[in-house]
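Please read the structure below before turning to the comments.
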Protein chains: 2
Amino acid sequence: MPNLPISNRIRELRAQHGEMTQQELGRLVGVTRQTVNAIELGKYSPSLEVAFRIACVFKQPLEAVFHYEPGP
Amino acid sequence: MPNLPISNRIRELRAQHGEMTQQELGRLVGVTRQTVNAIELGKYSPSLEVAFRIACVFKQPLEAVFHYEPGP
DNA sequence: AGATAATGTCAAATATTTTTTACATATCGA
DNA sequence: TCGATATGTAAAAAATATTTGACATTATCT
(Lines give C-alpha, C1' and ligand atoms only; values in the text may rest on other atoms or scores of the structure.)
Protein backbone atom coordinates (compact mmCIF):
# COMPACT_ATOMS: atom_id res chain seq x y z
CA MET A 1 0.00 0.00 0.00
CA PRO A 2 2.79 2.45 0.64
CA ASN A 3 4.49 4.43 -2.10
CA LEU A 4 1.54 6.47 -3.22
CA PRO A 5 1.63 8.55 -6.39
CA ILE A 6 0.33 11.42 -4.24
CA SER A 7 2.42 13.91 -2.30
CA ASN A 8 1.19 16.62 0.04
CA ARG A 9 2.20 19.86 1.70
CA ILE A 10 0.48 19.28 5.02
CA ARG A 11 3.61 19.65 7.13
CA GLU A 12 4.52 22.89 5.42
CA LEU A 13 0.99 24.24 5.75
CA ARG A 14 0.82 23.32 9.43
CA ALA A 15 4.04 25.25 9.97
CA GLN A 16 2.63 28.24 8.14
CA HIS A 17 -0.46 28.17 10.32
CA GLY A 18 1.15 28.94 13.63
CA GLU A 19 2.97 25.64 14.01
CA MET A 20 -0.35 23.85 14.10
CA THR A 21 0.10 20.36 15.55
CA GLN A 22 -1.11 17.13 13.94
CA GLN A 23 -3.49 16.80 16.85
CA GLU A 24 -5.01 20.23 16.29
CA LEU A 25 -5.37 19.58 12.57
CA GLY A 26 -7.02 16.27 13.34
CA ARG A 27 -9.43 18.00 15.69
CA LEU A 28 -10.36 20.60 13.05
CA VAL A 29 -10.76 17.95 10.36
CA GLY A 30 -12.54 15.39 12.51
CA VAL A 31 -9.97 12.58 12.45
CA THR A 32 -7.38 11.36 14.94
CA ARG A 33 -3.81 12.60 15.12
CA GLN A 34 -2.64 9.16 13.99
CA THR A 35 -4.69 9.54 10.84
CA VAL A 36 -3.25 12.98 10.17
CA ASN A 37 0.22 11.59 10.74
CA ALA A 38 -0.33 8.69 8.34
CA ILE A 39 -1.78 10.91 5.61
CA GLU A 40 0.99 13.49 6.05
CA LEU A 41 3.63 10.79 5.70
CA GLY A 42 1.88 9.34 2.65
CA LYS A 43 1.15 5.96 4.20
CA TYR A 44 -2.15 5.66 2.39
CA SER A 45 -4.64 7.52 0.25
CA PRO A 46 -7.20 9.35 2.39
CA SER A 47 -10.85 9.52 1.43
CA LEU A 48 -11.70 12.40 -0.89
CA GLU A 49 -13.83 13.93 1.83
CA VAL A 50 -11.01 13.98 4.40
CA ALA A 51 -8.68 15.42 1.76
CA PHE A 52 -11.18 18.21 1.04
CA ARG A 53 -11.60 18.94 4.75
CA ILE A 54 -7.84 19.22 5.24
CA ALA A 55 -7.56 21.64 2.31
CA CYS A 56 -10.48 23.55 3.77
CA VAL A 57 -8.74 24.06 7.12
CA PHE A 58 -5.85 25.71 5.29
CA LYS A 59 -8.21 27.63 3.01
CA GLN A 60 -6.51 26.12 0.00
CA PRO A 61 -7.83 24.35 -3.07
CA LEU A 62 -7.35 20.61 -2.76
CA GLU A 63 -4.75 20.54 -5.51
CA ALA A 64 -2.63 23.09 -3.64
CA VAL A 65 -2.33 20.56 -0.82
CA PHE A 66 -2.24 17.20 -2.61
CA HIS A 67 -0.35 16.57 -5.84
CA TYR A 68 -0.94 13.62 -8.09
CA GLU A 69 2.19 12.26 -9.75
CA PRO A 70 1.17 9.30 -11.86
CA GLY A 71 3.83 6.75 -12.59
CA PRO A 72 5.00 5.87 -16.15
CA MET B 1 -22.81 6.86 4.56
CA PRO B 2 -24.95 8.37 1.85
CA ASN B 3 -25.60 12.09 1.46
CA LEU B 4 -22.06 13.20 0.85
CA PRO B 5 -21.07 16.86 0.84
CA ILE B 6 -19.36 16.12 -2.48
CA SER B 7 -20.94 16.33 -5.92
CA ASN B 8 -19.38 15.38 -9.24
CA ARG B 9 -19.67 15.87 -12.98
CA ILE B 10 -18.72 12.36 -14.02
CA ARG B 11 -21.89 11.68 -15.98
CA GLU B 12 -21.57 14.94 -17.85
CA LEU B 13 -17.91 14.34 -18.60
CA ARG B 14 -18.57 10.81 -19.81
CA ALA B 15 -21.17 12.22 -22.20
CA GLN B 16 -18.68 14.81 -23.47
CA HIS B 17 -16.13 12.11 -24.12
CA GLY B 18 -17.95 10.22 -26.81
CA GLU B 19 -20.66 8.78 -24.55
CA MET B 20 -18.02 6.89 -22.62
CA THR B 21 -19.64 4.11 -20.60
CA GLN B 22 -19.17 3.50 -16.88
CA GLN B 23 -17.44 0.28 -17.81
CA GLU B 24 -14.96 2.01 -20.10
CA LEU B 25 -14.23 4.67 -17.49
CA GLY B 26 -13.72 1.94 -14.91
CA ARG B 27 -11.32 0.18 -17.24
CA LEU B 28 -9.30 3.36 -17.81
CA VAL B 29 -9.25 4.17 -14.10
CA GLY B 30 -8.63 0.63 -12.90
CA VAL B 31 -11.81 0.01 -10.93
CA THR B 32 -15.00 -1.91 -11.69
CA ARG B 33 -18.05 -0.44 -13.37
CA GLN B 34 -19.95 -0.86 -10.10
CA THR B 35 -17.41 1.34 -8.36
CA VAL B 36 -17.73 3.99 -11.06
CA ASN B 37 -21.50 3.79 -10.76
CA ALA B 38 -21.42 4.18 -6.98
CA ILE B 39 -19.01 7.13 -7.10
CA GLU B 40 -20.97 8.79 -9.90
CA LEU B 41 -24.19 8.50 -7.90
CA GLY B 42 -22.47 9.82 -4.76
CA LYS B 43 -22.98 6.68 -2.70
CA TYR B 44 -19.65 7.13 -0.94
CA SER B 45 -16.45 9.12 -0.94
CA PRO B 46 -13.85 7.52 -3.19
CA SER B 47 -10.20 7.36 -2.25
CA LEU B 48 -8.21 10.43 -3.22
CA GLU B 49 -6.18 8.33 -5.63
CA VAL B 50 -9.24 7.04 -7.52
CA ALA B 51 -10.61 10.58 -7.64
CA PHE B 52 -7.36 11.83 -9.16
CA ARG B 53 -7.33 9.02 -11.70
CA ILE B 54 -10.87 9.83 -12.80
CA ALA B 55 -10.01 13.51 -13.24
CA CYS B 56 -6.92 12.43 -15.16
CA VAL B 57 -8.94 10.41 -17.67
CA PHE B 58 -10.94 13.52 -18.50
CA LYS B 59 -7.80 15.69 -18.47
CA GLN B 60 -9.38 17.92 -15.84
CA PRO B 61 -8.15 19.19 -12.50
CA LEU B 62 -9.71 17.24 -9.67
CA GLU B 63 -11.76 20.20 -8.53
CA ALA B 64 -13.33 20.51 -11.97
CA VAL B 65 -14.77 17.02 -11.48
CA PHE B 66 -15.53 16.87 -7.74
CA HIS B 67 -17.01 19.76 -5.77
CA TYR B 68 -16.92 20.00 -2.02
CA GLU B 69 -20.01 21.58 -0.48
CA PRO B 70 -19.52 21.60 3.27
CA GLY B 71 -22.64 21.72 5.38
CA PRO B 72 -23.43 24.57 7.80
C1' DA C 1 16.56 15.77 36.56
C1' DG C 2 11.79 15.67 35.93
C1' DA C 3 7.61 17.09 33.37
C1' DT C 4 5.30 18.08 29.24
C1' DA C 5 4.28 18.29 24.39
C1' DA C 6 4.90 16.66 19.63
C1' DT C 7 5.81 13.13 16.62
C1' DG C 8 6.42 8.24 14.84
C1' DT C 9 4.94 3.75 15.18
C1' DC C 10 2.41 -0.61 16.07
C1' DA C 11 -1.23 -4.10 16.74
C1' DA C 12 -5.97 -4.99 17.06
C1' DA C 13 -10.56 -3.54 16.33
C1' DT C 14 -13.89 -1.03 13.60
C1' DA C 15 -15.54 1.42 9.53
C1' DT C 16 -15.51 2.27 4.84
C1' DT C 17 -14.38 1.38 0.08
C1' DT C 18 -13.95 -1.86 -3.65
C1' DT C 19 -14.63 -6.36 -5.81
C1' DT C 20 -17.26 -10.21 -7.20
C1' DT C 21 -21.37 -12.35 -8.64
C1' DA C 22 -25.81 -11.90 -9.78
C1' DC C 23 -30.26 -10.11 -11.24
C1' DA C 24 -33.51 -6.53 -13.09
C1' DT C 25 -34.77 -2.92 -16.23
C1' DA C 26 -34.45 -0.03 -20.22
C1' DT C 27 -32.91 1.08 -24.79
C1' DC C 28 -31.32 0.25 -29.31
C1' DG C 29 -30.60 -2.39 -33.69
C1' DA C 30 -30.98 -6.21 -36.62
C1' DT D 1 -39.10 -10.00 -31.34
C1' DC D 2 -34.64 -11.32 -30.04
C1' DG D 3 -29.99 -10.24 -28.66
C1' DA D 4 -26.78 -7.13 -27.09
C1' DT D 5 -25.44 -3.15 -24.31
C1' DA D 6 -25.81 0.25 -20.51
C1' DT D 7 -27.27 1.18 -16.13
C1' DG D 8 -28.98 0.49 -11.15
C1' DT D 9 -28.90 -2.39 -7.38
C1' DA D 10 -27.81 -5.89 -3.76
C1' DA D 11 -25.36 -9.10 -0.67
C1' DA D 12 -21.10 -11.14 0.73
C1' DA D 13 -16.21 -11.10 0.62
C1' DA D 14 -11.87 -8.71 0.24
C1' DA D 15 -9.09 -4.74 0.60
C1' DT D 16 -8.16 -0.43 2.54
C1' DA D 17 -8.89 3.53 5.74
C1' DT D 18 -9.58 5.01 10.39
C1' DT D 19 -9.81 4.50 15.45
C1' DT D 20 -8.19 3.13 19.85
C1' DG D 21 -4.72 2.37 23.20
C1' DA D 22 -0.17 2.04 23.97
C1' DC D 23 4.83 2.83 23.91
C1' DA D 24 9.26 5.16 22.35
C1' DT D 25 11.90 9.12 21.02
C1' DT D 26 13.02 13.86 20.81
C1' DA D 27 12.82 18.53 22.13
C1' DT D 28 11.65 22.10 25.32
C1' DC D 29 10.91 24.15 29.71
C1' DT D 30 11.37 24.74 34.90
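Only this structure's heavy atoms are used, side chains among them; waters, hydrogens and symmetry mates stay out. Per chain, numbering begins at 1; letters A, B, ... match sequence-line order.
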Distance-only donor-acceptor pairs under 3.5 Å for side chains of residues 65-72 of chain B, two or more places apart:
from: His67(B); atom 1: NE2; to: Glu63(B); atom 2: O; distance (Å): 3.4
from: Glu69(B); atom 1: OE2; to: Ser7(B); atom 2: OG; distance (Å): 3.0

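- Rounded to an integer number of Å, the gap from CD of Glu40(B) to P of dT18(C) is 15 Å.
- Distance from the side chain of Leu41(B) is smallest to dG8(D) among dT19(C), dT18(C), dG8(D).
- Between Thr32(A) and dT18(D) there is no side-chain polar atom (N or O) within less than 4.0 angstrom of OP1 or OP2.
- We find that CD of Glu49(B) is positioned 10 Å from P of dT18(C), with the value rounded to whole Å.
- A straight line from CD1 of Ile39(A) to C1' of dT9(C) spans 16 Å, rounded to a whole angstrom.
- At its two ends the helix from dA1(C)-dT30(D) to dA30(C)-dT1(D) runs along axes set 30° apart, each axis drawn from five pairs and the angle rounded to 10°.
- Nearer to the 5' terminus of DNA chain D, by closest-nucleotide assignment, is the contact made by Gln23(B) (compared with the other of Val31(A) and Gln23(B)).
- The stretch residues 60-70 of chain B does not touch DNA chain C, since none of its heavy atoms comes less than 4.0 Å from the strand.
- Put simply, Lys43(A) has a side-chain N or O that comes within less than 4.0 Å of OP1 or OP2 on dT9(C).
- The residue Gly30(A) sits close only to the backbone: its heavy atoms come under 4.0 Å of sugar-phosphate atoms, none of a base.
- More than 12 heavy atoms of other residues, nucleotides or ligands lie within 6.0 Å of CD in Glu40(A), so this atom counts as buried by the packing criterion.
- Straight-line distance from the CG atom of Leu25(A) to the P atom of dT18(D): 13 Å, rounded to whole Å.
- Remark: Arg14(B) is not in phosphate contact with dA6(D), judged by side-chain N or O atoms under 4.0 Å from OP1 or OP2.
- The two residues Ile10(B) and Asn8(B) have their closest heavy-atom pair at N-OD1, 2.9 Å.
- Nearest heavy-atom pair across Leu13(B) and Gln60(B) is CD2-CG, 4.4 Å.
- The interatomic distance linking Arg53(A) (CZ) with dA17(D) (P) rounds to 16 Å, in whole Å.
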All N/O pairs under 3.5 Å across the protein-nucleotides 3-5 of chain C interface:
none

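- Residues Phe58(A) and Met20(A) form a side-chain contact, since some pair of their non-hydrogen atoms from C-beta on lies under 4.5 Å apart.
- None of Asn37(B), Val36(B), Thr35(B) except one satisfies the side-chain contact (heavy atoms from CB on, under 4.5 Å) rule with Ile39(B); the exception is Thr35(B).
- In this structure, Met20(B) atom CE and dT5(D) atom P are separated by 18 Å, rounded to whole Å.
- Arg11(B) is listed as a side-chain neighbour of Leu41(B), based on a closest heavy-atom distance under 4.5 Å.
- Taking CD of Gln34(A) as the reference point, atom CD of Gln23(A) lies at 8.5 Å (rounded to 0.5 Å).
- In this structure, CD of Glu24(B) is placed 14 Å from P of dT5(D), rounded to the nearest angstrom.
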Using a 3.5 Å cut-off and no angle test, enumerate the donor-acceptor pairs between side-chain atoms of residues 45-52 of chain B and protein atoms at least two apart in sequence or in another chain.
from: Ser45(B); atom 1: OG; to: Glu49(A); atom 2: N; distance (Å): 3.0
from: Ser47(B); atom 1: OG; to: Val50(B); atom 2: N; distance (Å): 3.2
from: Glu49(B); atom 1: OE2; to: Arg53(B); atom 2: NH1; distance (Å): 2.9

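- Ranking dG8(C), dT20(D), dT9(D) by closeness to the Asn37(A) side chain, first place goes to dG8(C).
- The side-chain heavy atoms of Arg33(B) and Leu25(B), taken from C-beta on, include no pair separated by under 4.5 Å.
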Check the interface with nucleotides 22-30 of chain D: list each N/O to N/O pair with the protein under 3.5 Å, or write none.
from: dA22(D); atom 1: N6; to: Arg33(A); atom 2: NH2; distance (Å): 3.1

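- Between Glu24(B) and Arg14(B) there is no salt bridge, since no side-chain N of the basic residue sits under 4.0 Å from a carboxylate O of the acidic one.
- Picking from dA17(D), dT9(C), dT17(C) the nucleotide with the shortest atom distance to the side chain of Tyr44(A) gives dA17(D).
- Residue-level contact check: Ser47(B) touches the backbone only, with heavy atoms under 4.0 Å from sugar-phosphate atoms and none from bases.
- Minimum atom distance to the side chain of Val50(B) is reached by dT18(C), of the listed dT18(D), dT7(D), dT18(C).
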